[in-house]
Amino acid sequence: MNATDLTQILQKGFYVTLGATASLLEMLQDPAKREQNLNSLRQDIDSLTQELAEKGAVTEAEARNFVDTLISRQINKDQQTSNYSSTSETDANNFTNVTVNTTASTVGEKSVPEDLKELTQQIADLRAELESIRQQNN
């Protein structure tokens with residue numbers, strides 16, 4: 001057995017697992033798919049693994065496409081942000097002696113709404129501090 005065979009076996013195993021997971025989710029969501037998948041379990045195991053591997057490959061391709069789309073959107077957003085920051089460099093030069101106070105807190109047993117309220121308050125405080133700094137410079 002060489003490395004290529006091992007790689008192909010591992011890849012097929014991954015696709016079978018991914019396809020089985022997708023089929024399980026379909027079974028849980030759709031009763032008609034449940035019956036269809038239960039009937040397919042009675043098929044020959046080789047054809048079932050081939051079918052699941054194909055389904056896994058399709059699911060992987062869809063996931064890759066989704067992730068690539070998200071990454072390209074983020075890259076475009078970053079490029080737009082960098083274009084904005086380069087045009088506003090003259091504004092940034094007016095604030096050379098600005099001190100920003102930050103606080104770090106440990107992750108505790110807080111709930112999400114409490115964290116959200118705390119972060120919202122911190123943002124409001126930062127905005128107020130920024131506005132006072134801007135007024136001092138003008």
Side-chain angles (χ1 to χ4, degrees):
M1 180 185 301
N2 61 27
T4 306
D5 291 339
L6 181 61
T7 304
Q8 289 174 346
I9 289 170
L10 289 175
Q11 187 176 23
K12 186 169 184 176
F14 173 74
Y15 288 153
V16 168
T17 304
L18 195 58
T21 304
S23 293
L24 178 64
L25 288 174
E26 286 176 353
M27 279 181 22
L28 294 174
Q29 294 173 349
D30 187 9
K33 282 283 187 184
R34 184 179 314 132
E35 289 299 319
Q36 181 182 3
N37 286 338
L38 290 175
N39 288 334
S40 70
L41 286 175
R42 296 183 186 107
Q43 293 176 358
D44 183 30
I45 197 74
D46 288 333
S47 64
L48 179 61
T49 56
Q50 181 64 31
E51 182 180 319
L52 290 175
E54 290 171 2
K55 187 174 213 165
V58 169
T59 304
E60 182 199 25
E62 290 173 352
R64 281 183 188 266
N65 187 24
F66 178 73
V67 170
D68 289 343
T69 302
L70 289 177
I71 289 172
S72 67
R73 285 182 186 169
Q74 185 62 37
I75 289 171
N76 289 339
K77 193 181 291 185
D78 290 345
Q79 288 174 347
Q80 290 173 352
T81 303
S82 67
N83 289 341
Y84 173 75
S85 65
S86 66
T87 58
S88 63
E89 283 181 14
T90 56
D91 292 339
N93 290 334
N94 294 333
F95 300 109
T96 55
N97 295 326
V98 175
T99 303
V100 177
N101 297 326
T102 60
T103 57
S105 61
T106 59
V107 177
E109 297 295 323
K110 295 181 182 178
S111 66
V112 173
E114 291 173 349
D115 287 340
L116 187 58
K117 286 179 183 177
E118 184 179 319
L119 290 172
T120 304
Q121 183 60 43
Q122 288 177 1
I123 291 171
D125 293 344
L126 288 172
R127 283 184 178 166
E129 185 177 344
L130 181 61
E131 185 62 33
S132 67
I133 290 170
R134 284 183 180 164
Q135 288 177 356
Q136 289 174 358
N137 287 336
N138 289 334

Q: Working to the nearest 0.5 Å, report the span between CD1 of I133 and CD of Q135.
A: 11.0 Å
Q) Going from CD on E118 to CD on Q121, what distance comes out if it is rounded to the nearest 0.5 angstrom? A) 9.5 Å
Q: Determine, stepwise, if the pair E51 / K55 fulfils salt bridge (charged side-chain N to carboxylate O under 4.0 Å, His left out).
A: CA-CA 6 Å; E51 182 180 319; K55 187 174 213 165; over 6 Å; no
Q: Would you give the length of the straight line joining atom CD1 of I75 to atom CZ of R73, rounded to the nearest 0.5 angstrom?
A: 13.0 Å
Q. Considering only heavy atoms from C-beta outward, does the side chain of F66 approach that of L70 to under 4.5 Å?
A. yes
Q: State the CG-CG distance between D30 and L25, to the nearest 0.5 angstrom.
A: 12.5 Å
Q) Can a salt bridge be assigned to the pair E60 and R64 using a cut-off of 4.0 Å between side-chain N and carboxylate O? A) yes
Q) How close do G56 and L18 get, heavy atom to heavy atom, and via which atoms? A) O-CD2, 3.3 Å
Q) To the nearest 0.5 Å, what is the distance between NZ (K117) and CD (Q122)? A) 15.0 Å
Q | Minimum side-chain heavy-atom gap I71-V67 below 4.5 Å | A | yes
Q.
For the OG1 atom of T17 and the NZ atom of K12, what is their distance to the nearest 0.5 Å?
A. 12.0 Å
